[in-house]
Amino acid sequence: MNEGFRAEGLLLMMKRISLDLSAQMEQRLKCKNMTGVQVYFLVYILRHHPEGTYLTELCREVGVSKATLSALIKKMREKDYLYFLEEPGDIRRKKVLPTAKLIAEGSGFLQKADCMEAEICSVLDEEEQRKLWDLEKKLIGQFAAMEESEKDRQEVYNREKSITAVEAV
């Protein structure tokens with residue numbers, strides 16, 4: 001019973017940290033006509049993909065669905081911060097690149113993000129940050145395994161349903 005309570009408390013604490021982080025992004029990074037989360041996404045692009053990248057790659061790195069990321073990128077394209085470059089051999093494959101506007105305004109976004117990150121992480125020393133990083137990766141791995149297991153269960157269910165339907169005919 002006590003172990004279950006600790007697990008529940010841990011999960012609720014992680015949820016609260018997620019909500020608090022989102023609130024800090026909105027409070028500290030929001031600017032003009034963009035949310036803090038949108039600005040932080042642009043910071044990610046500037047830091048990790050200044051020469052551009054592909055939607056599929058971003059989905060894998062950021063951990064959100066293609067639909068969610070496509071909607072975010074669409075908004076950033078409308079605000080002239082990102083653009084697509086079509087692949088000559090495959091028109092379905094498009095590279096996401098920062099625009100001149102993002103490059104020009106990017107240093108301000110980066111500075112705000114650096115300050116926010118430094119303040120949030122200031123309560124942890126380097127060893128604690130490294131340990132937290134390792135623990136987070138372990139949890140993300142568990143979520144991925146659980147998701148894969150659920151996909152496997154769904155496939156078995158769908159096959160059994162198909163077999164039952166064929167047998168009924």
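All values below were derived from every heavy atom in this structure, side-chain atoms included, with hydrogens, water molecules and symmetry-related copies excluded. Count residues from 1 along the sequence.
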| In the hydrophobic clustering (ILVMFWY, side-chain contacts below 4.5 Å, transitive), which residues join Y54, or is it alone? | none
Show the atom names and distances, to 0.1 Å, of all donor-acceptor pairs under 3.5 Å that link a side chain in residues 95-104 to residues at least two apart or in another chain.
unit_1: K95; atom_1: NZ; unit_2: E51; atom_2: O; d: 3.4
unit_1: T99; atom_1: OG1; unit_2: D80; atom_2: O; d: 2.6
unit_1: T99; atom_1: OG1; unit_2: Y81; atom_2: O; d: 3.3
unit_1: T99; atom_1: OG1; unit_2: K101; atom_2: N; d: 3.4
unit_1: T99; atom_1: OG1; unit_2: L102; atom_2: N; d: 3.3
unit_1: K101; atom_1: NZ; unit_2: K79; atom_2: O; d: 2.8

| query | Residues two or more places apart in sequence or in another chain: which of them pass side-chain hydrogen bond (donor to acceptor under 3.5 Å, both in side chains) with E127? | reply | none
| message | Taking salt bridge (Lys or Arg N to Asp or Glu O under 4.0 Å) as the cut-off, I'd like each qualifying pair that reaches into residues 58-78, sequence neighbours left out, listed once. | response | E57-R60
| Restricting to pairs with a member in residues 22-41, which pass salt bridge (Lys or Arg N to Asp or Glu O under 4.0 Å), not counting sequence neighbours? | R28-E119, K32-E105
| request: Can you run down the side-chain hydrogen bond (donor to acceptor under 3.5 Å, both in side chains) pairs that involve residues 137-149, sequence neighbours left out, and say none if there aren't any? | output: S149-R153
| field | Co-members of W133 in a cluster of I, L, V, M, F, W and Y side chains, linked at under 4.5 Å | value | none
| query | Do any pairs count as a salt bridge (Lys or Arg N to Asp or Glu O under 4.0 Å) and have a residue in residues 14-23, sequence neighbours left out, and if so which ones? | reply | R16-D20
| task | Please confirm whether the backbone N or O of M76 pairs with a side-chain atom of Q38, one donor and one acceptor, at under 3.5 Å? | result | no
| Partners meeting side-chain hydrogen bond (donor to acceptor under 3.5 Å, both in side chains) with S65 (sequence neighbours left out) | T68
| query | Cluster partners of L124, using ILVMFWY side-chain heavy atoms under 4.5 angstrom, listed by chain and number? | reply | V123, L132
| request: Mind jotting down which residue pairs meet the salt bridge (Lys or Arg N to Asp or Glu O under 4.0 Å) criterion with at least one end in residues 36-50? Sequence neighbours excluded, please. | output: R47-D114, R47-E117
| note | Going by chain and number, the hydrophobic cluster around M13 (ILVMFWY, side chain to side chain under 4.5 Å) further includes I17
